[in-house]
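Data first, discussion second: the structure below is written as structure tokens.
The first residue of the sequence shown is numbered 1, and numbering continues consecutively from there. Whatever order the structure lists ligands and atoms in, that order sets their numbers, starting from 1. Just so we're clear, the structure is a prediction, and the values are computed from it rather than from any experiment.
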Amino acid sequence: MEIVKKTARELAELIRAGELSSVEVTQAFLARIEKLDTQLHAFLFVDKEGALAAAKAVDADLAAGKELPPYAGVPIAIKDNICQRGIPTTCGSAMLEGWKAPYDATVVRNIKAARLPILGHTNMDEFAMGSSTEHSAFGPTRNPWDTSRIPGGSGGGSAAAVAAYLAPWALGSDTGGSIRQPGAVTGTVGAKPTYGAISRYGLIAMASSLDQIGPVARTVEDAAILQTLVGGHDPLDSTSLPDTEVDLPAAAQKGKPADLHGCKIGIVKETLAAGYGEGVLEVFSNTLDSLRERGAEIVEISCPSFEYALAAYYLIMPAEASSNLARFDGVRYGNRVEPTSGPVTAETMMRATREAKFGVEVKRRIILGTHVLSAGFYDSYYGSAQKVRTLVQRDLAAAFSKVAVLISPTAPTVAFRFGENINDPMKMYLNDMTTIPANLAGVPAMTIPAGLVNGLPVGVQVMAPAHADASMYEYAAAVEALAPAAASECPVAMGEEK
Ligand code: GLN
């Protein structure tokens with residue numbers, strides 16, 4: 001099999017066995033990026049030199065007989081809102097174009113310690129706001145399954161890179177679904193761990209109480225491995241969880257045989273009510289049938305608060321974002337723009353900067369967030385949304401007292417076409433309807449490729465109780481084992497193959 005089609009675990013084994021060098025592997029991905037990414041635009045920055053230097057160092061240490069970490073030499077891609085020292089980190093925004101991070105995020109430090117060459121930074125909706133990457137200031141990423149369609153968002157770049165074999169795995173960030181929805185529409189695996197399981201230090205904040213870094217991969221096992229590599233306690237993040245002894249890759253292994261006798265899996269009635277595109281629910285019910293055949297008991301559960309989760313999210317998220325994005329003012333951060341007329345004061349400069357350098361979706365959310373936090377509106381909007389958040393947490397706690405995990409479709413439709421939703425924010429926001437409850441409650445959730453509709457991938461989401469990331473991986477591996485292989489094998493309908 002071609003190098004680029006191997007999983008990260010397989011590549012690590014080949015490198016350790018001396019059958020492939022890290023330079024060979026890294027070069028294979030760089031060559032593929034060079035060949036395909038002019039069309040796909042999954043990357044905003046490719047660090048050819050840095051990646052090859054890291055790979056060479058791994059090969060030299062292996063040749064010298066040094067003991068290296070188990071995944072040393074396997075390259076990775078990183079979403080462009082994660083700081084890497086000396087490398088352009090833009091969040092897909094003109095505001096940060098050309099800005100080079102002065103320090104490494106904790107996850108980047110962990111990646112460097114694990115000796116993974118970093119291929120580059122991936123495209124995203126500006127400041128992680130969107131479901132299609134159409135809001136990237138540098139132009140959208142294309143879905144490798146069909147380049148007339150979106151790859152999801154905001155982390156469409158990481159998902160497309162992994163789907164099209166431009167990287168074996170990648171990091172994303174998920175505030176309302178930005179790892180999982182792109183995973184669903186690109187036939188890749190993506191996980192949002194329990195809030196606090198992976199440090200957010202060095203992740204450029206969108207909505208801090210919801211933001212979570214997580215793995216993007218082609219297999220559940222690779223995702224579990226990557227979460228383990230980058231996760232763990234970090235004193236630099238005050239919301240970081242203590243270290244645990246839980247072995248996530250072992251949990252993924254355990255789930256593979258998919259013997260589910262005695263397992264209870266919940267489906268939330270409110271999630272399945274309406275709004276799905278053609279074929280999505282059919283793929284989902286096929287998944288349920290296969291799970292039942294393997295002995296699982298499927299239990300219907302009601303989570304009445306889910307009906308209000310999307311609305312609550314679109315109040316809490318903009319509120320936090322409006323505060324986090326205040327630092328992009330041309331003084332502390334951001335490319336300064338002077339006003340073209342009138343007096344130049346700090347205020348007119350800030351206004352000109354924010355007017356010129358933020359895109360339309362970012363402005364929309366800052367205005368909304370500022371409004372819901374303003375005196376007179378705070379209680380009725382922000383306060384009510386926080387109450388809904390508590391109800392979602394309670395509904396989920398009650399659900400998890402009855403079942404081990406919850407399962408649902410990850411996204412309401414297959415990948416849509418460019419331009420279809422861009423002028424209708426409400427339609428765009430509905431893409432998050434099944435992913436948002438996990439962010440509001442801080443529980444882990446991941447997407448697994450489950451089937452195809454008209455040749456386009458559909459994902460299924462597994463949600464687990466807080467701190468039960470191992471159960472999430474175990475059940476996800478069962479879903480993966482039961483899914484048709486074609487669901488995750490992107491034919492890359494473009495360039496070379498056409
Ligand atoms: N689509 C969601 C939004 O636009 C997801 C954001 C995210 O997870 N970063 O808010």
From Met317, Met428, Glu361, Arg365 - option closest to atom 4 (O) of ligand 1 by heavy atom
Arg365
Those atoms of ligand 1 less than 4.0 Å from some heavy atom in Ser131
1 (N)
Counting only heavy atoms closer than 4.0 Å, does ligand 1 sit against the backbone of Tyr314, its side chain, both, or neither?
side chain
Atom indices of ligand 1 within 4.0 angstrom of Ser154 heavy atoms, with elements:
9 (N)
Evaluate Thr175 for polar contact with ligand 1, using N/O atom pairs at a separation under 3.5 Å.
yes
Going from SG on Cys490 to CG on Asn143, what distance comes out if it is rounded to the nearest 0.5 angstrom?
7.0 Å
Arg200 charged N/C atom sitting above Tyr195 aromatic ring, 6.0 Å / 45°
no
To the nearest 0.1 Å, how far is atom 6 (C) of ligand 1 from its closest protein heavy atom, and which atom is that?
Ser178 OG, 3.0 Å
Can you check whether Gly153 has an N/O within less than 3.5 Å of an N/O in ligand 1?
no
Using a strict cut-off of less than 4.0 Å between a Lys/Arg side-chain nitrogen and an Asp/Glu carboxylate oxygen, indicate whether Asp329 and Arg354 qualify as a salt bridge.
no
Polar contacts were defined as any N/O atom of the residue lying under 3.5 Å from an N/O atom of the ligand; does this apply to Asp174 and ligand 1?
no
Geometry only, no angles: is Gly130 polar-contacting ligand 1 at N/O separations under 3.5 Å?
yes
What residue and atom, counting heavy atoms only, is the protein's closest point to atom 2 (C) of ligand 1, and at what distance?
Asp432 OD2, 3.1 Å
Centroid-centroid under 6.0 Å between Tyr103 and Tyr201 rings:
yes
Which atoms of ligand 1 are found less than 4.0 Å from any heavy atom of Tyr313?
2 (C), 3 (C), 5 (C), 6 (C), 10 (O)
Just checking, any donor-acceptor pair under 3.5 angstrom between side chains of Ser148 and Arg417?
yes
Hey, could you give me each pair passing ring pair (Phe, Tyr, Trp, His ring centres under 6.0 Å) that has a residue in residues 445-464? Not counting sequence neighbours.
none
Quick one: which ligand 1 atoms are inside 4.0 Å of a heavy atom on Ala128?
6 (C), 7 (C), 9 (N)
For Met129 and ligand 1, does the shortest N/O to N/O distance drop below 3.5 Å?
no
For Tyr314, check ring pair (Phe, Tyr, Trp, His ring centres under 6.0 Å) against everything at least two apart and list the hits.
Tyr429
Quick one: are the ring centres of His371 and Phe377 less than 6.0 Å apart?
yes
Can you confirm, on distance only, whether ligand 1 has an N/O atom lying under 3.5 Å from any N/O atom belonging to Gly177?
yes
Kindly assign one of parallel, tilted or perpendicular to the pair Phe328 and Tyr333, based on the angle between their ring planes and the thresholds 30° and 60°.
tilted
